[in-house]
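Quick notes on the structure that follows.
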Amino acid sequence: MGAGAAGWHWNDAWIFVSAVIAERLERDRAMHAALPVVGATLADLLAAADFLHHSVPSRAELQDAVRRLAGAGLIKIDDDLVEVAPAGEQLWRTRPFSGLSSAVLTLQAQLNRSSTPGEHDWSLDESTYAAAVREYSLRLADGR
């Protein structure tokens with residue numbers, strides 16, 4: 001489903017849009033609770049991805065997209081906290097408005113016009129991924 005080996009893939013755009021949503025929700029939550037904003041967790045990212053596409057990305061899908069996006073300077077990753085970098089904010093702000101239903105496809109086209117995927121050395125081990133999935137599953141069970 002990609003745009004060729006050198007281009008951005010649909011999964012990259014899916015994870016990027018999910019990161020934007022997750023970070024904004026976390027920022028709002030932190031501001032209402034008068035807490036510092038520290039970025040979105042991987043569980044936040046999984047929740048946003050599921051909201052967008054009604055599925056949770058696999059460990060490999062998430063790791064590959066984060067590596068490409070972080071390597072291109074569009075997101076920052078620190079352990080299991082994700083932030084949209086200034087270049088990613090700029091990309092998001094200047095995208096053609098399309099609504100959430102088509103945001104991923106719109107963003108994929110914009111990514112292919114504006115930047116090249118990078119390679120970041122971040123890796124997502126099975127236990128960290130499993131913990132994020134477990135946290136997200138518990139939220140679903142609690143109705144959050």
Side-chain angles (χ1 to χ4, degrees), residues 1-93 95 98-112 114-144:
M1 229 191 217
W8 291 98
H9 303 285
W10 186 92
N11 282 345
D12 300 327
W14 177 34
I15 298 304
F16 179 77
V17 174
S18 298
V20 170
I21 292 169
E23 188 189 53
R24 278 170 173 61
L25 288 173
E26 182 56 27
R27 189 181 302 150
D28 287 349
R29 188 192 70 74
M31 285 174 45
H32 287 299
L35 296 169
V37 179
V38 294
T41 66
L42 290 177
D44 297 330
L45 188 65
L46 294 178
D50 191 20
F51 169 77
L52 270 177
H53 189 54
H54 307 294
S55 69
V56 173
S58 71
R59 186 193 67 77
E61 287 173 326
L62 185 56
Q63 177 178 277
D64 291 349
V66 167
R67 282 179 172 175
R68 292 161 57 87
L69 292 161
L74 298 173
I75 65 171
K76 297 180 206 170
I77 183 80
D78 185 16
D79 293 328
D80 70 339
L81 290 178
V82 179
E83 288 183 77
V84 179
E89 288 287 345
Q90 177 70 16
L91 181 76
W92 180 252
R93 275 197 307 276
R95 79 196 184 288
S98 61
L100 277 181
S101 61
S102 57
V104 174
L105 287 174
T106 302
L107 224 298
Q108 182 185 0
Q110 189 170 2
L111 281 166
N112 278 313
S114 65
S115 63
T116 306
E119 187 57 42
H120 191 277
D121 64 356
W122 179 76
S123 64
L124 178 57
D125 61 61
E126 284 293 340
S127 61
T128 303
Y129 176 75
V133 170
R134 198 166 39 254
E135 182 182 333
Y136 173 53
S137 297
L138 288 172
R139 290 183 196 176
L140 283 178
D142 288 347
R144 289 186 282 148

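Between Glu26 and Gly39, the shortest heavy-atom distance links the atoms CG-O, 3.2 Å. For Asn11 against Ala65, the heavy-atom pair with the smallest separation is O-CB, 3.9 Å. When all heavy atoms of Gly73 and Ala85 are compared, the closest pair comes out as O-CB, 3.2 Å. Considering every non-hydrogen atom in both Glu61 and Trp14, the closest pair reads OE1-CZ3, 4.1 Å. In terms of heavy atoms, Ala30 sits closest to Pro36 at CB-O, 3.8 Å.
Expressed to the nearest 0.5 Å, how far CH2 of Trp10 lies from CG of Leu111 amounts to 13.0 Å. For the atom pair CD of Gln90 and OG of Ser115, the computed distance is 12.0 Å after rounding to the nearest 0.5 Å. With rounding to the nearest 0.5 angstrom, the CD1 atom of Ile77 is 4.5 Å from the CH2 atom of Trp122. Between the CZ atom of Arg67 and the CD1 atom of Ile75 there is a distance of 12.5 Å, given to the nearest 0.5 Å. Within the model, atoms OG of Ser58 and OH of Tyr129 stand 6.0 Å from one another, a figure rounded to the nearest 0.5 Å. Separating the CD atom in Glu23 from the CG atom in Asp28 is a distance of 10.5 Å, to the nearest 0.5 Å.
No side-chain heavy atom of Leu42 sits under 4.5 Å from any side-chain heavy atom of Tyr136. Leu81 has its side chain within reach of Thr41: a pair of non-hydrogen atoms, C-beta onward, lies under 4.5 Å apart. The shortest distance between side-chain heavy atoms of Phe16 and Gln110 does not fall below 4.5 Å. Side-chain contact between Leu91 and Leu107 is present, with at least one heavy-atom pair separated by less than 4.5 Å. Contact annotation: the side chain of Val104 never approaches that of His53 to less than 4.5 Å [non-hydrogen atoms, C-beta and beyond]. Within the 4.5 Å cutoff, no side-chain heavy atoms of Gln63 are placed close to those of Pro57. By the 4.5 Å heavy-atom criterion applied to side chains, Ile15 and Asp64 are not counted as neighbours.
Although no hydrogens or angles enter the test, the distance criterion places no donor-acceptor pair under 3.5 Å between the side chain of Asn112 and the main chain of Ala109. Between the side chain of Ser102 and the main chain of Leu105, no donor-acceptor pair closer than 3.5 Å is present. Arg95 contributes no side-chain N or O that, together with a main-chain N or O of Thr106, makes up a donor-acceptor pair within less than 3.5 Å.
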### Task
Take Lys76 and Glu89 through the salt bridge (Lys or Arg N to Asp or Glu O under 4.0 Å) test and state the conclusion after the steps.
CA-CA 11 Å; Lys76 297 180 206 170; Glu89 288 287 345; over 6 Å; no

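A salt bridge links Arg139 with Asp44: the distance from a Lys NZ or Arg NE/NH1/NH2 to an Asp or Glu carboxylate oxygen falls below 4.0 Å.
Here the rule is side-chain contact (heavy atoms from CB on, under 4.5 Å) with Ser18, and of Leu46, Leu62, Leu45 only Leu45 fits it. Of the residues Val84, Leu69, Val20, the one that meets the side-chain contact (heavy atoms from CB on, under 4.5 Å) test with Leu74 is Leu69.
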